[in-house]
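Data block below; observations after.
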Amino acid sequence: MASPAFPPAKDASTDPSPSSVPQAPKSSYMSPLTSAFSRFSQWRKSLDLPNPGTVENLQKEVKSTHLTNFMFDGARADLTKSLSMNPAFQVTHSFILGSQVSTPSYNFGAVFANNNMFLQGSVDHEGNVSARMNQGWAENSITKIQTQLSSQAGHSMIQLEHDYQGQDYSLNAKAVNPWPADLTGIYIGNYFQSVTKNLALGVETLYQRPTPDMSEFTTSYLAKITSDDKNWIATAQVQPSGILQATYWQKLHEKVEVAADLQLMASPQRRDAIATLGAKYDLRMATFRAQLDSTGKISALLEQRFAPTFAFLVAGEIDHFKNAAKVGVGVMIESSTLTPEEMGMPPQP
């Protein structure tokens, strides 16, 4: 009897079936680039570098210690009323009288804030309106809008800004009074990168185009050094036009901070320098700031709180070179229509 016929064995070298046909490697021209970028990202992540903060807050500690943003003269009163705690909503009435540098004024402001949005607006007695909005899209991505409407020519403005915080870097893009038709306005971009755990370097570029036929392009360089225990911070900002600003802040004690600021201008048209030294003392119910600069000005500000909702302020400045002096007094009063439980305070016995 004839043996059953079996199909011949398949030879892998001659079999044309799909399983035996060599497959082309699944690769693309971009694979080397993506692989290199992936390795670079893993290497940066392994360094565990901290976020350097934003360029806008480069000198935050120095500004909090010095009197530049707190000094006033004449009489001042700020009356604040909290209407809600979650979301936060409060209104403020501000009065300024007897100032040597500004006319008497009244300002009404309101603040609304929740987990993702911050809204602030104000209007003064002359009808000037200012507003600010911060919208958080993610924990590290925030869009900011500021605007001011004024009856005086050239004082109205709008500013569009976006902040992005990476693991070890920060990015910021800003446009002031942009006009898409002819691209006039002011455009600012900066990049701040942590190089080590204590050193961060950055660059900021400014492009001004006030008219279609006039433009200016400048770039400044930034550096920030922070101690391991965050007890001192040194910063520097250099502009090619010959301007240098260097600051140093140190926390001497839990309640004592000192700061120094040096501004140098070395250009063919002008050579000048201003140095400022300041100290801040946080007491149990008071904050005292003192400041001395190279122009002969000595300033001091005392904020005394007699209760959590009431504070009294006294400010003074003496200019020895101009033989002039300024004095200011103020009060800050806060009130609320909410009960202690609604404000999140523990119930009173």
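In what follows, every heavy atom counts, from backbone to side chain, and hydrogens, waters and symmetry copies are set aside.
Annotation: ring-ring contact (aromatic ring centres under 6.0 Å, His included) contacts of Y106 (sequence neighbours excluded): F95. With sequence neighbours excluded, the residues forming a side-chain hydrogen bond (donor to acceptor under 3.5 Å, both in side chains) with S227 are D229, listed by chain and number. Evaluation of the side-chain contact (heavy atoms from CB on, under 4.5 Å) rule for P104 yields L97 as partners, not counting sequence neighbours. Qualifying salt bridge (Lys or Arg N to Asp or Glu O under 4.0 Å) partners for K224, counting only residues two or more places apart in sequence or in other chains: none. Listed by chain and number, the residues in a ring-ring contact (aromatic ring centres under 6.0 Å, His included) with H93 are F108 (sequence neighbours excluded).
Under the 3.5 Å distance criterion, the side-chain polar atoms of S99 are matched with a main-chain donor or acceptor of V101. Judged purely by atom type and a 3.5 angstrom limit, H253 uses its side chain to pair as donor or acceptor with the backbone of K255. Here the side chain of D319 pairs a donor or acceptor atom with the backbone of K322 at under 3.5 angstrom. Within the 3.5 Å criterion, the main-chain N or O of Q135 finds no donor-acceptor partner in the side chain of T143.
Hydrophobic cluster membership is shared by L83 and F112, with clusters built from Ile, Leu, Val, Met, Phe, Trp and Tyr side chains linked at under 4.5 angstrom. Grouping the Ile, Leu, Val, Met, Phe, Trp and Tyr side chains by contacts below 4.5 angstrom, directly or via other members, places L171 apart from W137. Cluster membership for M285 and Y281, using ILVMFWY side-chain heavy atoms within less than 4.5 angstrom, is not shared.
Between N177 and I158, the closest side-chain pair of non-hydrogen atoms falls below 4.5 Å. Side-chain contact between Q100 and K326: present, with at least one pair of heavy atoms (C-beta onward) separated by less than 4.5 Å. Between V256 and K251, every side-chain heavy-atom pair lies at or beyond the 4.5 Å cut-off. Contact of the F72 side chain with the L313 side chain is registered, since non-hydrogen atoms from C-beta on lie closer than 4.5 Å. L222 has its side chain within reach of F192: a pair of non-hydrogen atoms, C-beta onward, lies under 4.5 Å apart.
A donor-acceptor pair shorter than 3.5 Å cannot be found between the side chains of S105 and H125. S150 and S156 share no donor-acceptor pair across their side chains, judged by distance under 3.5 Å alone. For the residue pair N107 and D124, no side-chain donor N or O sits within less than 3.5 Å of a side-chain acceptor on the partner. Inspection of the Q148 and Q146 side chains reveals no N or O donor paired with an N or O acceptor under 3.5 Å.
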Show your working on side-chain contact (heavy atoms from CB on, under 4.5 Å) between N51 and Q167 and close with a plain yes or no.
CA-CA 6 Å; N51 183 279; Q167 178 184 353; over 6 Å; no
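Salt bridge absent: D228 and K197 never bring a charged side-chain N and a carboxylate O closer than 4.0 Å. Using a 4.0 Å cut-off between charged side-chain N and carboxylate O, E56 and K174 make no salt bridge.
Around atom CZ of F310, more than 12 heavy atoms belonging to other residues, nucleotides or ligands sit under 6.0 Å away.
In plain terms, the two heavy atoms of D78 and S94 that are nearest each other are OD1-OG, 2.9 Å. Taking all atoms of both residues into account, the shortest heavy-atom contact from Q291 to L67 is OE1-N, 2.7 Å.
Between the CD1 atom in I274 and the OG atom in S294 there is a gap of 6.0 Å [rounded to 0.5 Å].
Test D261, T247, T226 against T235 for side chain to side chain donor-acceptor pair (under 3.5 Å) and you get one pass: T247. Of the options P52, S141, S170, a side-chain contact (heavy atoms from CB on, under 4.5 Å) to Q165 is made by S170 and by none of the others.
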In residues 183-191, what donor-acceptor pairs under 3.5 Å come from side-chain atoms, sequence neighbours left out?
unit_1 : atom_1 : unit_2 : atom_2 : d
T184   : OG1    : D182   : OD1    : 2.9
Y187   : OH     : T184   : O      : 3.1
N190   : ND2    : E204   : OE2    : 3.3
Y191   : OH     : Q193   : OE1    : 2.5

